[in-house]
There are 2 protein chains.
Amino acid sequence: MRMIDLIEKKKRALPLREEEIRYFVEGFTAGGIPDYQAAALLMAICFTGMTDRETAWLTDAMAGSGDRVDLSAIPGIKVDKHSTGGVGDKTTLILAPLAAACGVPVAKMSGRGLGHTGGTVDKLESIPGFRTDLDRRAFLKIVETVGVCVAGQSGNLAPADKKLYALRDVTGTVDSIPLIASSIMSKKIAAGADAIVLDVKCGSGAFMKTPEDATRLARKMVDIGRACGRRMAAVITDMDRPLGHCIGNGLEVAEALEVLEGKGPEDLREVSLVLAAQMLSLAGKGDPALCRQLAQNTLDSGAALEKFRQMCQAQGGDVSVFARPKSLYEKAEVYELSAPMGGWVCRMDAEACGRASMLLGAGREKKDSVIDPAAGVVLCCKTGDAVERGQALARLYTNVPERLEQAKQALLESYVIGPQKPEPQPLVYDVILGL
Amino acid sequence: MRMIDLIEKKKRALPLREEEIRYFVEGFTAGGIPDYQAAALLMAICFTGMTDRETAWLTDAMAGSGDRVDLSAIPGIKVDKHSTGGVGDKTTLILAPLAAACGVPVAKMSGRGLGHTGGTVDKLESIPGFRTDLDRRAFLKIVETVGVCVAGQSGNLAPADKKLYALRDVTGTVDSIPLIASSIMSKKIAAGADAIVLDVKCGSGAFMKTPEDATRLARKMVDIGRACGRRMAAVITDMDRPLGHCIGNGLEVAEALEVLEGKGPEDLREVSLVLAAQMLSLAGKGDPALCRQLAQNTLDSGAALEKFRQMCQAQGGDVSVFARPKSLYEKAEVYELSAPMGGWVCRMDAEACGRASMLLGAGREKKDSVIDPAAGVVLCCKTGDAVERGQALARLYTNVPERLEQAKQALLESYVIGPQKPEPQPLVYDVILGL
């Protein structure tokens, strides 16, 4: 087999065979296939695509390039959840304990944030003492006893994807649906869950800008998961405005706690319930409507909050934050951004909100930037809200006041205020089942 | 400027600016831009193409990446000729002395053959003593005194093209018209002639398989040459069958000598006259019809042959081959391939004929293979000829009899013999003028 033949084939839009895809993934990971040939193949894939079978083979080859987490010691159907990433997305903090409180074991490995905002691991670490760097044994032990554990990625999961992603990043070959889908799914497949619920975001703050693109990506990932023997569901949700009001690590934990108390912003609660319904349903707890009711009751009863407390305790976190969530962000100074004019919030640039939050200290500008857990933004108004001139649009939390003006500017520019109330936008676009 | 932005731009089919193309060529040649980013850009170009302006900028940047030959010391309009390469193509051996005999100075640098058959330099070196490794001074001195010199490429001509071509070769990005056109033209522009005649071959033995593709490539090259201030013409000629009867270095010199004596195969003479007419016309010797007559008279008078003899002598070649051309190939054993059936030669695979010739020792299988000047093939029948069963199709000349059967097989498979005389095919498809 010769790499040049694979490139020529893909260039002519011909499908690769399974052994050709394995040859590429193994050769590239081991270093026998040089970067320049891999780059040429990736660019050809951007133009000619991949069939569902090719994408599944690519995913499986990447998933098999490193460790595979074995969750078989934990009884029951283990459910994982993955979000394609958005601003203010703290649903994992709600869903993991919620599913566990409903009797579904959750063994979740999460990442840190590389973009504007922190990842789930960064958010959890805003709870003093909370440990996410658990070894495999400790991780599984907590899942066994508490029913849920959220840890950082440990071990060598899908190294082929890691190497390939680094190359895609510098060769303009990121935005290909089969490449995105296989990259995400290879890590999920290697992480060992039996069922996976995908939250595919679309809008100004998401990688996929339209519901159509998000749906294409979701279908591709659901197909891959099924081809790899996983139970799958995907939910297409809105990310044209941030989810909830809070952006920033400690602020987001506080907001998640509100939802776990049966309160919190309506959009965040709704998206959490839709995703929870799919997670529980995949785990065999009944049809989605029934599961939604179960999730709702579990939230409102406080059982999910209690589960989160148990998980927090098991992972070394200071549970006093449950009584005083304010402690999660009170170490930052608060500033206000007021509306320069009255009217309706017609549109928001969610990505700009994330950028503002990063400038305040809540995200990483560079790989080695240190996150300030107390920093972030609380949005007082979102798309569809009426505002009066001078009214607070947002509160900014920071310990780097020298960045304040820049962050305010970014935030201000993210709001489009107009004279008419905008048409309401859906929060959930579609649910794709792969059973 | 960032290479990733150039890749993204080209991927979205947007044209690059002149400074972006220079940034890429200079950065890649100097090593600052890595191979993998260059490979991604090249693949994107294969899919989205380049405008005429982009292609001209790329050519100019590559031409300027190394030495530029200065021919200004030689009076008159210096004409160069380039063939995109074909089997049995020995027109340079005829055209260079022919143009010089008509008073047009020819300072030609030629390459060695990398594919099946030898290049012009390999062919000339089948004449004992003939030297092609001349330094710039000796080269120009011969042009000045004799009016013509054909030497190997010396100096550092278009190193950017050399490096880029090596990358294209291993990344499946060879077959892009703007990349092919700029690669050829960058070397021609750097070689310093005022006028360039292109012989763009099409058919089974050429890189361009159809007249349409050949015409597209020819137009692109003519446009590039004009944008770089050169007088240009291109002729689209047939390469569905080999040109002339002889393939192999010594054999081809012998056949060129026949044409220079006013004899030789009709197709080879005709293509030579069409190309010569364009060369002379670009050099200001009148309109192409007039120039063709001038070329014809010069061939038939023996003046072109005499010019070749002078050039040969000036370059150290043994001129006794003019009296005994047989000496050029008589050191090889001769074998015959006879027709397995009677009928008409309906089609030939010119590339397979070249491959057969290579197997016999006339070409290079690897970069460092040594060429046997006496080896090759003489085609007794070509497309359109009637054959009887048992009649000689071809004669094979070789000193490696162990390869004979394989060569015979390749040659035999290259002939399609059928019951009906095929429609005659044009020899010259089109002439494209760029004045």
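Note: hydrogens, waters and symmetry copies are ignored here, and every other heavy atom, side chains too, is used. The sequence lines fix the lettering, A, B, ..., with proteins before strands; numbering per chain opens at 1.
Taking non-hydrogen atoms and a 4.5 Å limit, the residue list of residues 164-185 of chain A in contact with chain B, ordered by number, reads A:L167, A:D169, A:V170, A:T171, A:G172, A:T173, A:D175. Below 4.5 Å, heavy atoms of chain A meet no heavy atom from residues 50-61 of chain B. Residues of residues 18-37 of chain A that come closer than 4.5 Å to chain B, counting heavy atoms only, are A:D35, A:Y36, A:Q37, ordered by residue number.
The salt bridge (charged side-chain N to carboxylate O under 4.0 Å, His left out) search around B:D213 returns B:R216, not counting sequence neighbours.
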- For the pair A:M43 and B:L41, evaluate side-chain contact (heavy atoms from CB on, under 4.5 Å) and give the outcome as yes or no after the intermediate values. CA-CA 8 Å; A:M43 185 58 86; B:L41 182 68; over 6 Å; no
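Contact tally against chain B (heavy-atom pairs below 4.5 Å) for A:C46, A:A40, A:A39: the top residue is A:A40.
Atom NZ of B:K9 has more than 12 neighbouring heavy atoms from other residues, nucleotides or ligands inside a 6.0 Å radius. When the shell of 6.0 Å around NZ of B:K162 is examined, it contains 12 or fewer heavy atoms from other residues, nucleotides or ligands.
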